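The sequence lines fix the lettering, A, B, ..., with proteins before strands; numbering per chain opens at 1. All of these numbers come straight from a predicted model, not from anything done at the bench.
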There are 2 protein chains.
Amino acid sequence: MISKKTKYALMALIYLAREYDRGPVLIADLAERENIPKKFLELILLALKNNGILQSKKGKGGGYYLGRAAKDISIGQVIRVLDGPLAPVPCVSETAYASCQECRDEATCGIRLVMKEVRDAMAAILDGTTLSDLIERVEREVKKREGIIDYTI
Amino acid sequence: MISKKTKYALMALIYLAREYDRGPVLIADLAERENIPKKFLELILLALKNNGILQSKKGKGGGYYLGRAAKDISIGQVIRVLDGPLAPVPCVSETAYASCQECRDEATCGIRLVMKEVRDAMAAILDGTTLSDLIERVEREVKKREGIIDYTI
DNA sequence: TTTTAGTCGATTAAATCGATAGACTAAATT
DNA sequence: AATTTAGTCTATCGATTTAATCGACTAAAA
């Protein structure tokens, strides 16, 4: 399960991607709009900023905004910043490898073999999906549903 | 990341699958062989038993043994017993659906769309891999490495 | 120089994780 | 029937993590 931190982060990023043209967004506004505890959101945005995903401006007219294009921010990157590596076991992580203490022989560990497959499958999806993909897919879904409603009215 | 509980469970199950022909295995033996804290292992084996994955016999000559054939025990089943649902968010779980509190409209939630993909990919691998698959693959891997060693000696 | 708004460190409460203790129950043997 | 063997169950523990909050601080505009 992903943490609330990551969920809030994704919600905030989607919002910021949508509002990008209108300049920096205040933490307070974001918190209210997306129903995220403000102080908690501060930590999340700061972490995203420290990892280059967001940028910020202080003082009047300040706030947070995307650090790079929405099409260059993958869901995988966001999860790694807030929840750590995607891998189900440390010994198959590409970004944060560590050996498992319980493991006798990593080279022939059956658990490792399956978990490597799982990691790769997850990474393919999460690193292959960007913020803009997400927004696009949601828009398609909304339109599809509006279509259905049109018929039923 | 999967928990130690799940890792220990998989290690124990692989051991029990290999020892199946020799009858019930004592918790104490299993604990020593696989370097798992005995009291902790008790809880794990009990949980597996209560979910039909293991069976047990009390008294002399007793111990734990597989509740069904190794080819009918999937890794996914084991993980669900000890770590809960595979799904990264409750709203995409097939075995333990629950709505996400943060979510406004589940039908058009972008996070949900990706996480559904992730869950399905994970489930395909984990429910499609059984204990016997695991053992078979380890054996293949061991043979491959022995082959390499033969050449290098 | 005052207002605005992000930054940072410390703290908290609750939940989860990994592990252990001890009493209990069932089955087999003597 | 008594004893030994071995799994069952409940409770508890400390450490870590998660979700959240407080307050003081700093930088940028007006």
Once you round it to whole Å, what is the distance between [atom2] of [N] and [atom1] of [X]?
X: A:Met1; N: D:dA19; atom1: CE; atom2: P; answer: 12 Å
X: B:Leu30; N: D:dA6; atom1: CG; atom2: C1'; answer: 14 Å
X: B:Ile36; N: C:dA19; atom1: CD1; atom2: P; answer: 10 Å
X: B:Phe40; N: D:dG7; atom1: CZ; atom2: P; answer: 18 Å
X: A:Gln55; N: C:dA5; atom1: CD; atom2: C1'; answer: 17 Å
X: A:Asp29; N: C:dA5; atom1: CG; atom2: P; answer: 9 Å
X: B:Leu54; N: D:dT8; atom1: CG; atom2: P; answer: 10 Å
X: A:Leu45; N: C:dG6; atom1: CG; atom2: P; answer: 9 Å

Which residue lies toward the 5' end of DNA chain D, A:Leu41 or A:Gly59, if each is placed at its nearest nucleotide?
A:Leu41
For A:Ile2 and for A:Lys60, find the nucleotide of DNA chain D with the closest heavy atom, then tell me which residue's nucleotide is more 5'.
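Looking at DNA chain D, the more 5' nearest nucleotide goes with A:Ile2.
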Looking at [Y] and [X], is any side-chain nitrogen of the basic one under 4.0 Å from a carboxylate oxygen of the acidic one?
X: A:Glu139; Y: A:Lys143; value: no
X: A:Arg80; Y: A:Asp127; value: yes
X: A:Arg137; Y: B:Glu117; value: yes
X: A:Arg33; Y: A:Asp29; value: no

Nearest to the side chain of [X], which nucleotide is it out of [options]?
X: B:Leu26; options: C:dT29, D:dA30, D:dG7; value: D:dG7
X: B:Glu42; options: D:dC9, C:dT7, D:dA19; value: D:dC9
X: B:Lys39; options: D:dC9, C:dT29, C:dT4; value: D:dC9

A:Lys49 vs A:Ser56, side chain to side chain donor-acceptor pair (under 3.5 Å): CA-CA, chis, key distance, verdict
CA-CA 7 Å; A:Lys49 185 199 161 174; A:Ser56 69; 3.2 Å; yes
With a 4.0 Å cutoff (strictly under), does any side-chain N or O of [X] reach OP1 or OP2 of [N]?
X: A:Lys57; N: D:dA28; result: no
X: B:Lys38; N: C:dA19; result: no
X: B:Tyr64; N: D:dA6; result: no
X: B:Ser56; N: D:dT8; result: yes

Name the nucleic acid region contacted by A:Lys58, choosing base, sugar-phosphate or nothing; use a 4.0 angstrom heavy-atom cut-off, strictly under.
base
Nearest heavy-atom contact between B:Gly110 and A:Leu134 is O-CD1, 3.7 Å
Begin with the C-alpha distance, continue with both residues' side-chain angles, and end with the deciding distance and a verdict on side chain to side chain contact (heavy atoms under 4.5 Å, CB included) for A:Val89 and A:Arg112.
CA-CA 7 Å; A:Val89 283; A:Arg112 184 181 139 89; 5.6 Å; no
Is B:Lys7 side chain donor-acceptor paired with the C:dG18 base, going by distance under 3.5 Å alone?
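Absent.
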May I ask you to check whether over 12 heavy atoms, not counting those of A:Tyr20, lie within 6.0 Å of atom OH?
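Counting neighbours around OH of A:Tyr20, 12 or fewer heavy atoms of other residues, nucleotides or ligands fall under 6.0 Å, so no.
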For nucleotides 10-13 of chain D, give me every protein contact, N/O to N/O, under 3.5 Å, one pair per line with atom names.
none

